[in-house]
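These values consider heavy atoms only, across backbone and side chains, with no hydrogens, waters or symmetry-generated copies.
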Amino acid sequence: MIAPGELEQLYDRHGQALFAFLLNFTRDESDTRDLLQELFRRLAARPNPLHEVRQERPFLLRLAHNLAVDFMRRRAVRDRSAEALAAEAVDVFAPADDPDEQSFRLELAEAMAELPPDQRAVVHLKLWEKLTFEQIAETMGVSPNTAASRYRYGLDKLRARLRLLYDEIR
Amino acid sequence: MNSLDSFEERLQRTPFREAPASLRRQVLQNLESASPSQTANSIRVWIASWLWPHPVAWGTLGLAWIAVGLLSLGAMDVSDSAVAQGPGRRVSPAWTTMLREQRAMLNSLLQDPPVVALPPQPAPGVQLWREEEQTRIV
């Protein structure tokens, strides 16, 4: 059984990254809190959750992704307006003092919300978690080629959506 | 696509919002309150230490035993029903009579034939004398 102190350390090492990933994926802070709670509850229930785990972060992100996918599937059945919820602008990025930067972050948040969840997850894992396509593939249960193509499609959409603003503030 | 272009790097530099400090407390506190008692914990750890390394193997073994049990129960049901069917079946009186007759006939056929006392055979000379006597009388 994992000791409470170890769970605290685990949270301190990965809590922020898991929060960001789940928030970006679900687009809902309340759901993100519930999922993070559930993830740590499951870790606490397992006798040796990180036994033979080579890299903690990809492993935890995989758990988070699986939980989020199950959750969103249930939410989609329960609430057909799940997609509309995802498209809502959520403060996923930190606020910026510079107005140009702030507007770029808001636009980026909206552009991310418009991506399908799978593309959003791949873009997040590639850019902000710096995972390789092999690691992303393992995390999401797809082939590396699928992960790469989802990333390319997602990035192209972001590029098209943010081109003007990006050129302005560059 | 190993190296990132300037757009990707620009996105990468955009920081995500900090997780609320209350969330850490909430997550870890709920874990403590949700955790079962020490005894239950130790029992669970003991069971898990037995089962954990090969849960699939244990599961397969369990399924195999269940399959064997079901097959065995199925076989018992078949023999029981065959036994139960025998005395409970109604047989018509005519059929019973016919069976009885057939059984009696079979018994009689199987029994040793009755010993019949044969007339004593005359000696060959006596037989010849009798034939000559008959001819003479005629």
Under 4.0 Å between a Lys/Arg side-chain N and an Asp/Glu carboxylate O for Arg10(B) and Glu101(A)?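 A salt bridge links Arg10(B) with Glu101(A).
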
Side chain from CB out, backbone as N, CA, C, O: work out which of these in [X] comes under 4.5 Å of a heavy atom of chain B, or both, or neither.
X	result
Leu18(A)	neither
Phe19(A)	side chain
Leu162(A)	side chain

Check: Rounded to the nearest 0.5 Å, how far does CZ of Arg25(B) lie from CD of Glu8(A)?
Finding: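 If we round to the nearest 0.5 Å, Glu8(A):CD and Arg25(B):CZ are 12.5 Å apart.
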
*Top contributor to chain B interface from Arg163(A), Glu38(A), His124(A) [non-hydrogen pairs under 4.5 Å]*: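 Heavy-atom pairs under 4.5 Å are most numerous for His124(A).
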
task = Evaluate side chain to side chain contact (heavy atoms under 4.5 Å, CB included) for Arg41(A) paired with Asn30(B), printing each intermediate quantity in order.
result = CA-CA 8 Å; Arg41(A) 195 190 62 74; Asn30(B) 282 351; over 6 Å; no

Q) Just by modelled atom types, is the Arg17(B) backbone N or O under 3.5 Å from a matching donor or acceptor in the Gln16(A) side chain? A)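 Yes; at least one donor-acceptor contact below 3.5 Å.
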
Report yes or no: do Leu63(B) and Trp58(B) belong to one cluster of Ile/Leu/Val/Met/Phe/Trp/Tyr joined by side chain heavy-atom distances under 4.5 Å?
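The answer is no; the residues belong to distinct hydrophobic clusters.
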
Going hydrophobic residue to hydrophobic residue with side-chain gaps under 4.5 angstrom, can you get from Leu131(A) over to Tyr153(A)?
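Looking at the clustering, Tyr153(A) is in a separate group from Leu131(A).
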
* To do: Measure Gln26(B) against the heavy atoms of chain A and call it side chain, backbone, both or neither at under 4.5 Å.
  =>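 Both parts, backbone and side chain.
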
- prompt: Which heavy-atom pair separates Val27(B) from Phe40(A) by the least distance, and what is that distance?
  reply: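 Looking at all heavy atoms of both residues, the shortest contact is CG1-CB, 3.7 Å.
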
**Request:** Please report the shortest heavy-atom distance between Thr14(B) and Arg105(A), naming the atom on each side.
**Result:**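 That closest heavy-atom pairing would be CG2-CG, 3.6 Å.
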
Specify whether Phe16(B) and Trp128(A) have parallel, tilted or perpendicular ring planes, treating 30° as the upper limit for parallel and 60° as the lower limit for perpendicular.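 Taking Trp128(A) first and then Phe16(B), their aromatic rings stand perpendicular (interplane angle over 60°).
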
message: Take a 6.0 Å sphere around OH of Tyr166(A) and say whether it holds more than 12 heavy atoms from other residues, nucleotides or ligands.
response: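 Yes, because the 6.0 Å sphere around OH of Tyr166(A) holds more than 12 heavy atoms from other groups.
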
When you compare the side chain of Lys126(A) with that of Glu8(B), does any pair of heavy atoms fall below 4.5 Å?
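Of all side-chain heavy-atom pairs linking Lys126(A) with Glu8(B), none is under 4.5 Å.
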
Pairwise side-chain contact, Leu23(B) with Thr32(A), heavy-atom cut-off 4.5 Å (strictly under):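 Not touching, per the 4.5 Å side-chain cut-off.
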
